[in-house]
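A quick write-up on the structure given underneath.
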Amino acid sequence: MMFPNNFLWGASTSAYQCEGAATSYGKGLSVMDVSSVFQECGVTDVEVASDHYHRFIEDISLMAEMGFKAYRFSVSWSRILPNGIGEVNEEGIAHYHRVLDELEKHHIEPIVTMYHFDLPLALQDKGGWSNRSTIDAFTEYASVLFSHFGDRIKYWLTINEQNMMIIHGDALGTSSHRKVNNEKKDLYQQNHHMLVAQAKVMQLCHKMTDAKIGPAPNISSVYPATPHPDDMLAASNASAIRNWLYLDAAVFGKYNSIAWSFMESEGIIPDIHEGDMEVLKSAQPDFIAFNYYSNMTVQRSRGESITQVKDQQMGESEPGYFESVPNHTLNKNEYGWEIDPIGFRYCLREVWDRYSLPMIVTENGLGAKDILVIGDDNIPTVIDDYRIDYLRAHIKQMRLAIEDGCDVFGYCPWSAIDLVSTHQGMNKRYGFIYVNRDEFDLKDLARYKKKSFYWYQSVISKNGTS
Ligand code: BGP
């Protein structure tokens, strides 16, 4: 069996990780522009990033050369509304119209994330997502997007990896670092506000446009470390707390009962205003977008908090509920992320079984320290067979999941071009297109096609066979 004829092959990026022009053309600052993660780890800042803001025409034409049917990118909230609310930056609107013009020219479908980690700093200064008024700010931002771009965009994603911002906000640089009495309660309050905001925005989208809209969490299926029933329960806890809390609220409009009982025992039930649950109930996503890098293996909690690894794909634990352990049946990439293509099929089946909504994969990929070499034609390239192997194996399992009956309508791996990794800067690359800069040396920012560029081009031209 093949992939459906109109399957959306493409790749992803996010604004703050590739655009650059972080303080130009009327853009306001976002939390990522001042993120302590970049300062503390001494990794690439996002002032220039991959300079996609200035080079999007070249980048999109390279995507077209690869045969992309779709490009998933995010709009920078603070480029549209420099203060998060209020005055609209017309230059920002004009910029994204130019990006859309370019995509249209090449018949590439835009898949647009509204908010990918980069909350406007002006909102963070007022408490960010802990402050209930950020719900209105997000709704206002969405209404600006729908009124300017509503007739040009068919697929919107609300919030990228809301679950990772709650679980790994420190590692990602999205945390507010506010001094609060109960930090965990504050996080789950932020989560509640995001859920309500997302529901309002999904409703608004359906009212103002004919587009489709969906959430975009990071989903990992969870394996028990052993068949011991306690480990099975730990896996069920982990899945509820990490995955279903977010998707049940988005799709069914209610809190997952296992996650709720976890919040209750921890004393972190958020303040829920009258009418909030009705708002959650009355909104419906049209599809589920999700990012998959790896699954997770857990054992029953020994009650200790294990060392928090500064990485969103590793080291999750909830003392008393589960703790993650390495899965020795799997290989790891050079950053310790487990490589689990069969688990990808499993994960797609699990999400499909649970929600029966069409799915699009909006991230998946291999981060590596790519090395530029001179190719046969004397043009620099990267021989990234490791990336090709990774993607080939995942695409195969996605095809098998489709054969299993899963409705998957697109695949946008991370990332279209090299960009700034969340906490490894330019040292960890994912792109099909190499961006010629180092950690702190901007060089000439030239674009070079990696070996995976040609490989993916051929995959797309044969609709998924490689
Ligand atoms: C996801 C984020 C992306 C991206 C990716 C890879 O969690 O949505 O923004 O960066 O992970 O992560 P990293 O850059 O840490 O390797």
Side-chain angles (χ1 to χ4, degrees), residues 11-19 30-33 35 37-38 40-46 49-50 52 71-77 111-119 157-175 194 214-220 242-243 246 288-296 308-316 332-339 344 347 360-370 384 386-387 390-391 394 412-432 435 439:
S12 291
T13 63
S14 92
Y16 86 90
Q17 291 173 283
C18 74
E19 278 183 357
S30 85
V31 294
M32 301 316 294
D33 298 323
S35 164
V37 171
F38 296 121
E40 275 163 23
C41 308
V43 291
T44 332
D45 68 38
V46 292
S50 310
H52 186 54
Y71 173 38
R72 179 234 176 180
F73 62 99
S74 79
V75 169
S76 155
W77 185 342
I111 298 175
V112 182
T113 318
M114 304 170 106
Y115 162 42
H116 191 124
F117 300 161
D118 51 355
L119 187 73
L157 313 181
T158 53
I159 301 177
N160 179 70
E161 295 196 355
Q162 179 177 330
N163 55 341
M164 293 299 99
M165 285 197 275
I166 300 303
I167 301 168
H168 287 297
D170 280 345
L172 292 168
T174 55
S175 295
M194 282 192 227
N218 177 303
I219 300 295
S220 287
R242 187 199 194 282
N243 301 316
Y246 303 87
I288 293 174
F290 74 93
N291 302 345
Y292 172 87
Y293 287 91
S294 194
N295 284 338
M296 185 178 162
Q308 267 298 324
V309 185
K310 285 225 157 210
D311 199 307
Q312 75 269 40
Q313 217 51 41
M314 288 153 60
E316 280 169 40
K332 294 184 176 60
N333 72 15
E334 59 186 301
Y335 293 89
W337 293 20
E338 288 167 355
I339 300 176
F344 183 34
C347 192
I360 176 163
V361 179
T362 39
E363 285 182 35
N364 173 234
L366 185 80
K369 291 190 186 80
D370 287 346
D384 53 349
Y386 40 87
R387 182 166 293 113
Y390 177 100
L391 294 170
H394 282 77
C412 292
W414 191 258
S415 52
I417 59 172
D418 284 344
L419 38 70
V420 180
S421 147
T422 56
H423 43 281
Q424 307 281 352
M426 270 286 173
N427 285 326
K428 187 184 190 189
R429 295 167 183 262
Y430 285 85
F432 294 106
V435 172
E439 199 51 353

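When a ligand or atom number is given, it counts from 1 through the structure's own listing order.
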May I ask whether M164 has any heavy atom positioned less than 4.0 angstrom from an atom of ligand 1? no
Can any side-chain N or O of R72 pair as donor or acceptor with the backbone N or O of E363 at less than 3.5 Å? no
Y71 and T13: side-chain donor and acceptor closer than 3.5 Å? yes
S12 side chain to C412 backbone, donor-acceptor under 3.5 Å: yes
Considering only heavy atoms, does Y335 approach ligand 1 within less than 4.0 Å through its side chain, its backbone, both, or neither? neither
Can you list the atoms of ligand 1 that are under 4.0 Å from a heavy atom of W414? 3 (C), 4 (C), 5 (C), 6 (C), 9 (O), 10 (O)
Under 3.5 Å between any N/O of E161 and any N/O of ligand 1: does that happen in this structure? yes
Side-chain (N163) to main-chain (N243) donor-acceptor, under 3.5 angstrom: no
Do the side chains of N291 and W414 get nearer than 4.5 Å, heavy atoms only? no
Atom indices of ligand 1, in the order listed, that fall short of 4.0 Å to a heavy atom of N160: 8 (O)
Note: R429-D384 ion pair, threshold 4.0 Å (strictly below): no
Any atoms of ligand 1 less than 4.0 Å from a non-hydrogen atom of Y430? List them with their elements. 6 (C), 12 (O), 13 (P), 16 (O)
Look only at the side chain of Y16 and the backbone of D33, and say whether a donor-acceptor pair between them is shorter than 3.5 Å. no
Determine whether any heavy atom of Q424 lies closer than 4.0 Å to an atom of ligand 1. no
What part of W337, side chain, backbone, both or neither, has a heavy atom within less than 4.0 angstrom of ligand 1? side chain
Looking at S421, which atoms of ligand 1 are within less than 4.0 Å of one of its heavy atoms? 13 (P), 14 (O), 15 (O), 16 (O)
Can you tell me if S415 uses its side chain to pair, donor with acceptor, with the backbone of I417 under 3.5 Å? yes
Report yes if some N/O of E363 lies less than 3.5 Å from some N/O of ligand 1; otherwise report no. yes
Looking only at N/O atoms, are N218 and ligand 1 under 3.5 Å apart anywhere? no
For the residue pair M165 and N160, what are the closest heavy atoms and their distance? CE-O, 3.6 Å
Side chain, backbone, both or neither: which part of H116 has a heavy atom under 4.0 Å from ligand 1? side chain
Under a 4.0 Å heavy-atom limit, does K428 contact ligand 1 with its side chain, its backbone, both, or neither? side chain
